[in-house]
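Okay, so here's the structure we're looking at.
Proteins come first, then strands; the chains are lettered A, B, ... in the order of their sequence lines, and each starts at number 1. Keep in mind it's a predicted model, so treat the numbers as computed, not measured. The analysis underlying the following values was restricted to heavy atoms, covering all of them including side chains, and did not include hydrogens, waters or symmetry mates.
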Amino acid sequence: MWNFFLLILIYTGIYALMALGQNIITGYGGMLSLTQAGFFAIGSYATAILATRYGWSFWATLPAAALFSAFFGLLIGLPTLRLKGDYLAIATLGFGEIVRNVLNNWDSLTNGPMGIQKIPMITIFGFVVNPYKKYAFLVVLSIAVLVAYLLFQRLARSRMGRALAAVREDEIAAQSMGINITKYKVYAFILGASVAGVAGSFQAAFTLSVSPGTYTFMVSVMVLCMVVLGGMGNFKASILGAFIIQLISYLPQLTGLTAVIPPQFKQILFGLILVIMMIWRPQGLLGREQITYRKKGGKR
Amino acid sequence: MTLLETLDLTRAYGGVVAVNKVNFSVEEGLITGLIGPNGAGKTTLFNNITGLDVPTHGRVIFAGRDITGSPAHKICRMGIARTFQNIRLFKDLTVVENVMIGRHFKTGKSETKGRFLNAFNSYIRLHQEEEEIYERACEWLEFFDMEGMKDELAKNLPYGKQRELEIARALATDPKLLFLDEPAAGMNPQETDHLMTIIRKIRDLDITVVLIEHDMKLVMSICDTITVLNYGQKLAEGTPYEIRRNQDVIEAYLGKEE
Amino acid sequence: MGIAEFFQHLMNGLTLGGIYALIALGYTMVYGILKFINFAHGDVLMAGAFIGLFVFDWLRGSAPLGVWTIISFFLAMIVSMGLSALLGVFIERVAYRPLRQATRLAPLLSAIGVSFILSNGAAWAFGTRSRKFNYPFDNTPITIAQVVITPHQILILVVSLVMMIALRLFVNRTRMGKAMRATSLDQPTAMLMGINVDRVISLTFAIGSALAAVGGILIALDFKVYASMGTMTGLKAFVAAVVGGIGNISGAMFGGILLGLLETFGVAIFGIPTGLKDTIAFGVLILILLIRPEGLFGKVEKEKV
Amino acid sequence: MKKSLFVLLAVLVVFAFPVVAQGGKEGASPKIGFIGPMTGDNANYGVLSNNSAILAVEQFNAKGGIDGKIPVVLVTEDSEGVPEKGLSSIEKLSSSDKIVGLIGPIFTGVSFAVGERVQNEGIIMLSPSATHADITDIGDYVFRTVVSDGLQGEVAGTYFAKVLGYTNVGVLYAKNDYSQGLYEGMAASFTANGGKITIVESFNVGDKDLKTQLTKIRSANPQAIYIPNYTAEMAQILEQAAQLGMKIPFLSSDGFSDPNIYNLAGDFTDGVIYVGPAKVKESPSYAKFVADYTAKYGVGPDSFATNAFDGTNILLAAMDKVYKATGKFDRKAVRDAVAATKDYQGVTGTVNFAENGDLVAYQGLYKVNKTTPEYLGTFTVVDGELVQID
């Protein structure tokens with residue numbers, strides 16, 4: 001039981017990383033991207049391929065995964081210069097499908113539908129973070145989530161975060177305030193993608209195998225649900241959202257009611273969450289985070 | 001001294017010529033009024049100067065530099081700020097945040113301005129930088145007597161205050177030249193009076209002001225010089241006194257007397 | 001490649017395109033009026049196919065192919081169109097109408113939610129197994145000089161063409177069509193002009209969903225009926241609508257055919273690995289959006305400053 | 001205020017869960033697990049096999065259960081066909097349910113991920129359908145009651161070349177682990193026997209329009225087309241091939257044993273030859289199983305479901321044996337008992353396990369007459385030579 005709870009926490013951590021990325025794109029930048037699964041996949045495969053084929057250690061593949069994903073974030077971010085709302089959503093959705101399609105068909109690199117197995121475990125100074133010993137893995141992962149959270153939080157509180165908010169609120173006004181809106185949109189995508197890549201890297205190191213079937217549209221929708229449920233524009237809320245969505249996701253197993261609850265229960269529930277939250281509480285459980293400012297030499 | 005001039009500026013949408021070979025110039029330190037009937041091309045002229053639209057022909061010269069076709073954010077950085085006819089505030093941000101966004105590119109060391117290093121730098125010096133920005137933003141709010149409502153969401157302000165906030169936000173970019181697109185639209189007489197005082201105060205800060213306005217009382221009483229547009233073309237320019245007596249202008253507004 | 005093979009590919013591409021066009025019409029219709037992508041359109045299509053299947057099987061019983069099967073097929077289609085229209089109107093009332101004043105993101109997210117509820121709800125209720133929708137007519141292929149086409153494929157092309165023309169006439173020539181166009185241009189003004197905007201929008205959804213039901217039943221004949229049938233086909237049709245210029249009825253038709261041909265010839269002639277067929281569709285989408293975001297026949301809409 | 005209320009509510013709900021949850025009680029009944037896709041695109045395969053496991057457990061309990069007195073509980077978990085969910089499923093089964101053994105997972109990708117865990121936890125796993133050749137190499141706790149791609153492909157390839165006498169065939173397979181594995185296995189032995197694969201086309205799972213691929217194959221004009229796919233896809237291929245006027249014979253794999261193929265494409269199945277489970281001709285136990293299954297679920301079992309039935313029964317028998325000997329359900333002892341299974345008479349025929357956990361088995365060949373499969377015989381391959389068993 002407790003072990004299972006730890007597992008949920010680990011998945012929460014992995015998805016929380018993705019949700020943080022989604023939040024910077026959607027919550028701050030106001031762009032509906034449906035491609036977190038694609039970046040997640042790129043990160044996972046980067047780690048899987050570099051580790052199994054070229055013998056890189058996890059810690060070397062981690063930044064590589066982030067960079068690869070960031071590069072693709074740039075690629076998909078560029079079209080956003082011209083796309084808005086609905087169009088962007090579809091283009092990003094298409095991009096996610098393309099990623100999965102390519103992974104499934106590029107047999108010589110990705111081993112196609114068979115996937116890649118026997119990915120080495122994380123080691124820290126010779127200590128193996130065996131994913132079967134969940135505490136150790138959870139600790140490493142939590143540190144990653146914490147670091148990502150702090151970095152994003154700091155970013156949101158800087159003038160860059162505010163510029164991104166301006167782009168979301170009104171692009172034309174933002175332009176006229178001297179903000180280069182294209183640059184900020186692309187930044188948002190790059191950041192969102194790279195953190196999803198990191199999540200993918202951890203996922204590969206936890207499941208020790210990757211296959212294209214994991215990275216479906218469902219993953220993107222789940223991440224979106226996390227951000228919407230927690231509250232857009234609030235990073236704490238994204239982590240909370242990730243936890244709640246994962247709990248719901250594993251609720252039938254956690255309660256031992258798998259036989260009673262229909263298997264489609266959680267997907268239907270995710271759908272309901274999106275609809276209901278939009279109608280009754282569009283700001284999410286926690287709402288947008290208000291920042292308090294202070295003057296120079298003000299009280300600490 | 002001429003701060004800004006347009007040379008034969010033309011903007012056509014398909015067959016419709018919204019602005020036709022307009023030579024419009026703005027003298028430094030004065031308040032310039034831009035008037036004309038609806039659809040005369042005033043806002044289009046503004047958009048073409050401030051980079052939200054690109055002219056089909058002609059050039060825009062600002063402080064001796066050709067800025068034709070530069071993107072809006074670059075033009076803003078050169079020192080031209082503006083407000084909008086339909087208020088375009090960042091509605092879900094607070095009043096002070098709106099003004100702080102105006103300070104966006106005014107922070108950090110100049111040699112790396114707009115570059116990655118600058119972004120990185122501001123990431124490191126976050127607290128100090130934020131305090132600076134906040135302080136400057138509060139000063140501008142004080143200028144408009146709005147410090148008390150700085151934590152309100154912009155969308156919750158009364159209409160007149162929203163217009164003033166937009167001006168405050170534009171001023172926060174430290175412009176040399178400020179374009180106001182119908183600043184008094186929808187204001188009651190008291191608010192309009194307050195606005196007039198403010199515009200004069202802005203001029204006293206050595207900021208050149210150009211305004212589009214339909215409220216003739218306001219235009220005539222505060223503008224030093226007035227340009228009239230009609231059907232996309234310049235009809236007249238001169239002091240309020242001259243404009244008031246210009247036969248063409250009277251016809252444009254009242255129709256030809258037979 | 002032989003000449004016969006080329007023409008066979010052309011035929012395959014055309015009919016696949018016809019399927020995309022058929023569904024794209026519904027997308028474009030709703031988008032044209034509301035400027036909103038109904039993500040759940042594909043799932044309404046699925047619901048329409050299920051309803052059609054049940055009614056058809058019930059009416060037909062074990063009758064052999066003949067006049068009665070064709071009559072029951074049409075009856076099934078009419079019932080399915082009616083019920084799907086109700087479903088569409090219901091979805092609009094519950095999930096989209098409350099969000100008309102909200103940000104642009106809100107109805108999109110809500111639509112994704114509705115799509116999830118419908119497809120998974122169907123999987124729960126009807127299982128995930130594919131069901132056969134029997135042809136109501138004799139579908140023996142017709143061979144002309146080694147090029148083969150089935151009556152069903154011809155039917156799909158004809159129906160999408162007829163639907164396109166009917167839709168155009170409806171939108172351009174009727175009073176209600178005029179009200180729709182007015183609503184599309186400016187909702188508040190349309191309301192001031194005495195147009196019942198709510199009714200116009202409901203009607204738009206009703207028509208769009210009825211179209212989806214027709215499409216669902218027609219493609220189910222070939223592709224079978226299953227809970228997730230609307231997802232991929234719906235997405236591809238959407239791509240077709242965007243390529244043709246979303247909101248433009250003829251554009252949707254053209255985009256659908258173009259996409260079908262591109263997918264077929266991309267694989268058949270340009271040697272793209274067959275596994276990457278879907279990539280062609282989405283690649284074209286991203287390319288089109290980059291070069292001509294308004295689509296091939298779309299109108300440029302510029303935000304007023 | 002309102003906000004904090006929401007947070008409080010959320011936190012409360014979160015902590016209410018574990019309280020509500022029943023903490024894996026150490027009841028008298030031993031549990032076994034099943035993992036397979038119950039939702040998602042391939043849910044059908046999971047559901048059919050799960051039905052078998054349920055049926056096997058019910059019949060076992062009806063006879064009194066372990067040692068004639070303890071009923072066994074089956075716990076089913078949904079993998080959605082995704083490794084990540086498979087992992088959480090095995091985690092839950094292992095730590096909350098404390099299962100003794102596992103039936104499943106269904107797909108190769110999930111089986112690799114889950115296999116590593118069961119090996120680590122020391123739980124025996126019997127997959128009814130993970131066919132990838134390397135799966136049983138994970139460790140000594142991984143077994144399967146399905147023949148590996150290696151064997152099925154080998155039998156298929158050799159049979160096509162030697163018995164049917166084909167020298168060139170075309171292949172149309174889906175990009176999933178099952179189909180691709182079979183294609184590769186068949187191609188290797190077919191070419192080794194002097195045949196030639198003239199054209200290979202693939203498609204993505206979920207694609208419904210396969211006319212482009214079929215038109216290309218038609219132009220290449222092979223003697224036959226091998227379609228090692230799942231039911232829905234094969235139905236689509238057969239129907240569209242007929243629409244293109246193709247008269248080329250079709251060869252297939254054990255995916256064809258799902259009777260639903262005849263509902264979906266009954267008009268086009270005549271003449272298809274496929275490799276499927278070996279069965280003792282007219283085996284009464286097989287007939288009884290199919291009858292029981294169909295009576296209970298309304299549809300017939302596919303070959304994976306048949307494998308799952310045997311797997312479940314082997315596991316139950318091993319548990320029974322261990323309990324009778326030691327009075328408890330030691331996971332390692334159960335594993336050893338399964339490994340020691342000798343000549344088990346199941347519905348799929350005589351079951352033996354090889355050293356590595358692979359099924360020592362034979363393949364059956366079938367030829368479809370209209371909509372009825374006719375048994376052609378039981379085959380295996382020894383040292384590259386095709387051997388007919390009966």
Selection from Pro273(C), Ser115(C), Ala111(C), Gly113(C) maximising heavy-atom pairs under 4.5 Å formed with chain A: Gly113(C)
Best-contacting candidate, Thr231(C), Val239(C), Leu285(C), against chain A by heavy atom pairs under 4.5 angstrom: Leu285(C)
Residue part contacting chain C, namely of Gln267(A), when any heavy atom lies under 4.5 Å: both
Atom pair CG/CG of Leu32(A) and Leu108(C) - distance to nearest 0.5 Å: 5.5 Å
Region of Ile286(C) in contact with chain A, defined by heavy-atom distances below 4.5 Å: side chain
For the student: nearest non-hydrogen atoms of Val242(C) and Tyr87(A), plus distance: CG1-CE2, 3.8 Å
Non-hydrogen atoms of Gln264(A) and Ala123(C) that approach each other most closely: NE2-CB, 3.5 Å
Shortest non-hydrogen contact from Ile268(A) toward Asn120(C): CG1-CB, 3.7 Å
Chain A contact via Leu118(C) - which portion, at a heavy-atom distance below 4.5 Å: neither
Selection from Val221(A), Asn101(A), Val99(A), Leu34(A) maximising heavy-atom pairs under 4.5 Å formed with chain C: Asn101(A)
Within 6.0 Å of OH in Tyr226(C), more than 12 heavy atoms from elsewhere: yes
Contacting moiety of Leu269(A), where chain C heavy atoms sit under 4.5 Å: neither
Under 4.5 Å from any heavy atom of chain A - which part of Leu109(C): both
Between CD1 on residue Ile272(C) and CG on residue Asn105(A), distance to nearest 0.5 Å: 12.0 Å
Ile291(C) versus chain A, the contacting section by heavy-atom distance below 4.5 Å: backbone
Distance (rounded to the nearest 0.5 Å) between Thr103(C) OG1 and Met278(A) CE: 7.0 Å
Segment of Leu276(C) engaging chain A (4.5 angstrom heavy-atom cut-off): both
From CZ (Phe116(C)) to CE (Met222(A)), nearest 0.5 Å: 9.5 Å
Engaged part of Phe39(C) at the chain A interface, taking heavy atoms whose separation is under 4.5 Å: side chain
Spacing of CD1 belonging to Ile112(C) relative to CG belonging to Leu224(A), to within rounding of 0.5 Å: 6.0 Å
Structural part of Met232(A) lying under 4.5 Å from a heavy atom of chain C: side chain
Contact origin within Ala95(C) toward chain A - heavy atom pairs under 4.5 Å: both
Proximity breakdown for Pro98(C) and chain A, heavy-atom pairs closer than 4.5 Å: side chain
Most chain C-contacting option - heavy-atom pairs closer than 4.5 Å, from Leu93(A), Ile273(A), Asn104(A), Val228(A): Leu93(A)
